[in-house]
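Written below as structure tokens is the structure these notes are about.
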Amino acid sequence: MTEHLPVLIIAVPLLAAFVLPIVRILGVIPRDIFVFSVFIAVNVMLMSLIPDICIYNKTLHYVLGAASPSTLTPEGLAFPIRIVLKIDGFSLLMAVFSAIVGLVGFLYSHKFVPEDGRKNYYVILLLLMLVGMIGLEFTNDLFNFFVFLEILSISCAALVAFRTNQKHPPYAGYKYLLVSSLATSFFLLGVGLCYAQYGSFNMDYINRMLNHSLLDRVALVFMIIPLAMKAGAVPMHMWVADTYSEAPAPVTAMLVTASQASLYGVFRLSFTLFGNSTANISINYHTLGWIIIILGVLSMFIGVTMALVQHDVKRLMAFHSVSQTGYMLLGVGVGIAVYAGHDGGAAFHQYGKLAMTGGIFHIINNSMYKGLLFLTAGVMVRRFGTANLDRMIGMAHRDVFTTIAFIVGALAIAGIPPFSGFASKLIIFESVYHFNPFLSVIAMFVSVLTLASFLKVFYGAFLGPERKDLLVDNNPLPHGMTAGMGIMCLFILIMGIAPEAVIKYLIDPAIAGLVKIL
Amino acid sequence: MTDFFLYVTVVLLVFFGLSAVLFKRNLIKIVIALNILEAGVNLFFIVLAYRPEGTAPIFTLAPELEKLRMVLPTPQALILTNIVIGFATTALMLVFAVFIYRNNGTLDIRNLKGVEDHD
Amino acid sequence: MDFLNRFIAQNTGILWYPSLLLGILIILVIVLTVWGRLFFRRDYNKNSPQVKPFNSGNLEEIDYNIASSNLFWGFRKALESYYAVMISSHSGDLNDYLKWLAISIAICFLLIAGGLL
Amino acid sequence: MKLASFLSLVLITGFLFVAINKLHPVGAPLGNPDVLKDRSSAATDIINVNTMDDYYLRNSQTETGSNNVVSSIVFDYRGFDTLGEATVLFLVVTSISMLLSLLYKREDVDDYEFRKPNEFPGDVSRIISYGSYLLYPLIITFGVYLVIHGHLSPGGGFQGGAVMASGTALLLVSALITRHVHRTRRIFSFFESLGLTIFISMGFAGIGTTFLYNFLANGSSTLFGRAIPFGPNPGFLNSGGVLPVLSFAIGVEVFFGLSIILVTLFHVARHRKDME
Amino acid sequence: MISSVLFIILSAVIILTAMLSLYFRDLLASIVSYAVMSLVLTVVYFHLDAPDVAIAEAGIGAALTISIFVLTIKLTRRREE
């Protein structure tokens, strides 16, 4: 049964989502137990894949509907004809952490979302968002990537607009869906151009047959820039702030991982589809690397400077996720820029590979501490009824656990040693310094501003005297919310204490999967 | 040369769809523009698959095997999926437009700030 | 010597074990608190007027808490022109958001496909 | 700033047009140009196999047992896309019923007394409501025909379901079923998830070899197992293997899903009109 | 040769109705012209030897999209302000 695991990870939550409208007749408790067991099953299945992919560096292929799961191409043909799921280090890494954030999101929203008639639909959409993320990271087929990108976008848009009776959430949902469907239409145009030239949708086959004509470069741009928009790179990042601040807190925590799934798409396309370092490349890899670096640096700076002046705590954290995306783009952009340098990859081995390690490690850290911060923001909004920082004061007196969770998240995002943000930021600073010292200086300055803005939130919401009049609801936190935040703190601490183990067992196989080592 | 004009149609549809999304003010008009963009992308795939002297890829009652030429089937299979996805996105965006009108009373982008960016 | 340490050791010359650092940090914190508890300001007691902030003259109870939003008002005022541009471009107008997608795609076309670079 | 966005629009369409022209000589065969240098005939003659499409045209009848190559691709070769597609539709139906359930509150539905069709003051004339009595069965039979003959003639689950859903739209417009419209939603959502579970359980049924494997096709003695020869043939109903079952499941799901969207939106619109 | 003349006419009609659909200020009129474009697109798909896509475009693209647009306009406003 184990060679069927790749498709089971996608099909089991899908079956659960389809059956849920019928299961809900049994009542609320059986439904919650059913969905919780599905989330746990997905996590367990993904964790069981870690040994043979990350330690023995295998890549799993699964051909859907063929006579046997691993017959990639039928006899005597050079091209695959069915949809192939390919799991290598990078996709498994992203899928594992998406599943963890999914589980935490479901735990958190157990009591956070009121139990009216809409909770069944909310849970279905949560499951399908998880399916969209994991499916996106497992397929090796371009059109299947488009379909899962569409599933992810629609479920995120519907969940963003969950509170339709308030003034702004429907407009935020509209913005998210407009941005996503425009991006997916452009992506489909790029897929059409690729298919027209090579007759197949399989990324590995197209990569083998690539001859870098003008058409491929047009297809490259049509595919990568819309995905960078969905990931929140700067010039196209403005929808991030409006959308994250209107969504309920657990949904925002999963939205961060959803935009990281499209960031995975950017890196997967620029490496597996368009990247072969050996051939004489007419796609100037240096240009592509520099474009991603500029996007990254702009994201970092504009994200954090805009965050510093915000009054709304969720908008502040949304701008921070834009600036953290900038770090990842910077890290991996440096890797791309030196990936196919004419010096035979010496620069790549010296610091390019390290920059990519830092970038990808930062993706994982960001999904952890950014999710935690949004969950604490959910507690703040629930306590004070408003997200405006000026009307929050003295929360530390009551919710000691939330305060500790916020401190862990804020120090991790600023990159303070014992927490996981420090390891990945240190690697990014060191390796980018070799590439271009000025970029590293900007990265450090932005890191300082990050700490400054979270100090502002800590001072505003947690410190100060205990004022009963500002308080909206004072009953203790339900266990689901504390359990969710606890899991996130646990992961941040573990990855902070032992970063070398995480790098050796999780990040290096991911780099091996992405980059065909020279 | 028969389908050169259809490629021109594809490019024009994409151009009009995109320019309307960027310049039009009404939310429902933007949804129509998005549908026009999707129609352009669908037409691109089908014109890609067209072969002048081919027939439809269906073997029931098709001409005999020697003279049988067929059009490419894969883009048509994908466009089936893309039409339904386009419809699904349109339906959801229109429901959002209904709620925007219900809560804010207007459908025009200029009056719908949607964000009190007080600084 | 695992990966990160080999890297750090080469450049900065100090051995860097996070678990070790954490241990030292905890010990330091414990020592400091115990020392502080014993020897710092012995004459402090909790519920005396010492706790009240010195309101320099006006005696009635005022709400002295500075609103958190103008914590960095200096930074905000210094970059006034930068923030004017930034706030106006984040104004929630959908057409302004999406025109940046068109502009970025056009620039990338010129850079990558147009062969400028 | 308007000029910059307009200029970039012109640039995007210009590059797209240049790329399309560089695509391949219009009407020429597909695939890597230097691989297919010697291709004389523009269209894919069904004998030698150079690209994926040639393979589909050459082998779809023997492997999936269906005459309609497009349906064999939609339901067998790329069945995972169709599963994703059915998820997208299910997703939109759930989110629309989630969002609109606020306007669809139980209590204001019950006290909302229904009127018989012919009492509507000037809403719908007698001709339309009785005309739709005649038209509705025809639409439903045409939809069912499309679903059942999906693997023989052009059509399939999506098109058949959409045609039947336009039948529901006709009923809504001609105000025939307003009397029971709010009770239908629960039944429709049950059938929709039933269709979807049939589809995905057919996928799981093939898990012995691989997910979505066509275990009924070509020679298996079951209902749809008849093996069909390569080349044009008059089309046999029990030949598609898994295809007719999947097409039926998708037809059920699309029909009931789209009917839920139409019924919910119509009910909210009708309810609001009466409030004014 | 007739097919290339036919394609020219149909392409012109598609482009015209698309422009009209975006030009009208009355949303109902723009939806009707979008429906005309969708139907002409169905004819084009039929002549491009894609019958499956023609039925899907007619069934979903023309019939159901238009009914959803009309229901939305009923719930919001008709003229574009």
Side-chain angles (χ1 to χ4, degrees), chain B residues 1-6 8-10 12-13 16-17 19-20 23-29 31-33 35-36 38-40 42-43 45-47 49-52 54-58 70-71 73 75-77 79-80 83-84 86-87 90-91 93-95 97-98 100-102 106-108 111, chain E residues 1-19 21-25 27 30-31 33-34 37-38 40-41 44-61 63-81:
Chain B
M1 280 319 285
T2 61
D3 49 12
F4 175 75
F5 301 102
L6 287 170
V8 170
T9 328
V10 165
L12 282 178
L13 278 178
F16 284 127
S19 60
F23 292 116
K24 281 296 169 195
R25 283 292 166 202
N26 188 322
L27 290 182
I28 295 185
K29 190 58 73 70
V31 175
I32 296 177
N35 275 18
I36 289 175
E38 290 273 341
N42 293 349
L43 189 60
F45 268 78
I46 300 295
V47 173
Y50 176 62
R51 294 291 169 268
T55 70
I58 291 161
M70 276 194 176
V71 175
Q76 297 176 11
I79 287 313
L80 271 176
I83 287 177
V84 181
F87 169 77
T90 319
M93 282 173 95
L94 289 179
V95 169
V98 163
I100 291 168
Y101 188 75
R102 222 183 137 71
T106 164
L107 276 180
D108 191 313
N111 333 340
Chain E
M1 235 359 248
I2 35 102
S3 72
S4 74
V5 170
L6 183 72
F7 283 147
I8 295 171
I9 299 165
L10 291 180
S11 321
V13 170
I14 287 178
I15 294 297
L16 187 70
T17 40
M19 276 161 58
S21 156
L22 295 172
Y23 169 74
F24 285 125
R25 295 195 65 79
L27 288 178
S30 72
I31 287 167
S33 77
Y34 176 75
M37 185 199 96
S38 200
V40 174
L41 212 60
V44 167
Y45 286 153
F46 183 72
H47 280 292
L48 288 173
D49 293 328
D52 284 89
V53 181
I55 301 174
E57 173 68 23
I60 295 176
L64 292 175
T65 316
I66 307 308
S67 57
I68 286 201
F69 268 116
V70 166
L71 283 170
T72 317
I73 287 181
K74 196 181 207 344
L75 280 166
T76 50
R77 55 184 299 134
R78 177 164 168 180
R79 282 206 62 76
E80 174 195 353
E81 85 265 6

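If you're wondering where the values come from, they're calculated on a predicted model, not measured in any experiment. Quick note on labels: first sequence line is chain A, next is B, and so on, each numbered from 1.
Residues B:F16 and E:L22 approach most closely at O-CD1, 3.8 Å, considering heavy atoms. The minimum heavy-atom distance linking E:M37 with B:L13 is given by the pair SD-CD2, 4.2 Å. E:L48 approaches B:I46 most closely through the heavy-atom pair CD1-CG2, 3.8 Å. Taking each heavy atom of B:T9 and E:S11 in turn, the nearest pair found is OG1-CB, 3.2 Å.
Heavy-atom neighbours of E:F46 CZ from other residues, nucleotides or ligands within 6.0 Å: at or below the threshold of 12.
For the side chain to side chain contact (heavy atoms under 4.5 Å, CB included) test, residues two or more places apart in sequence or in another chain that qualify with E:V40 are E:L10, E:V13, E:I14, E:V36.
Among B:I58, B:I83, B:I79, B:V84, the residue making the largest number of heavy-atom pairs under 4.5 Å with chain E is B:I83. Note on B:E38, B:Q76, B:K24: by heavy-atom pairs under 4.5 Å with chain E, the leading option is B:Q76. Most heavy-atom pairs under 4.5 Å with chain E: of the set B:I100, B:L27, B:V95, B:L12, this distinction falls to B:L12.
Using a 4.5 Å heavy-atom cutoff, the side chains of E:T76 and B:L94 are not in contact. Counting heavy atoms from C-beta outward, E:I68 and B:T90 have side chains that stay 4.5 Å or more apart. Considering only heavy atoms from C-beta on, B:Y101 stays 4.5 Å or farther from E:L75 through its side chain.
If you measure heavy-atom distances from B:I32 to chain E, the contacts under 4.5 Å come from both the backbone and the side chain. Proximity to chain E involves both the backbone and the side chain of B:T106, based on heavy atoms less than 4.5 angstrom apart.
Without hydrogens or angle criteria, B:K29 side chain to E:F24 main chain gives a donor-acceptor distance under 3.5 Å. In this structure, E:E57 contributes its side chain and B:A39 its backbone to no donor-acceptor pair below 3.5 Å.
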Evaluate the side chain to side chain contact (heavy atoms under 4.5 Å, CB included) criterion for residues B:N35 and E:F69: first the C-alpha distance (whole Å), next the side-chain angles of each, then the deciding distance (0.1 Å), finally the verdict.
CA-CA 12 Å; B:N35 275 18; E:F69 268 116; 3.8 Å; yes
Check step by step if side chain to side chain contact (heavy atoms under 4.5 Å, CB included) holds for B:N42 and E:V53.
CA-CA 9 Å; B:N42 293 349; E:V53 181; over 6 Å; no
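Taken to the nearest 0.5 Å, the CD1 atom of B:I28 stands 12.5 Å off from the CZ atom of E:R78.
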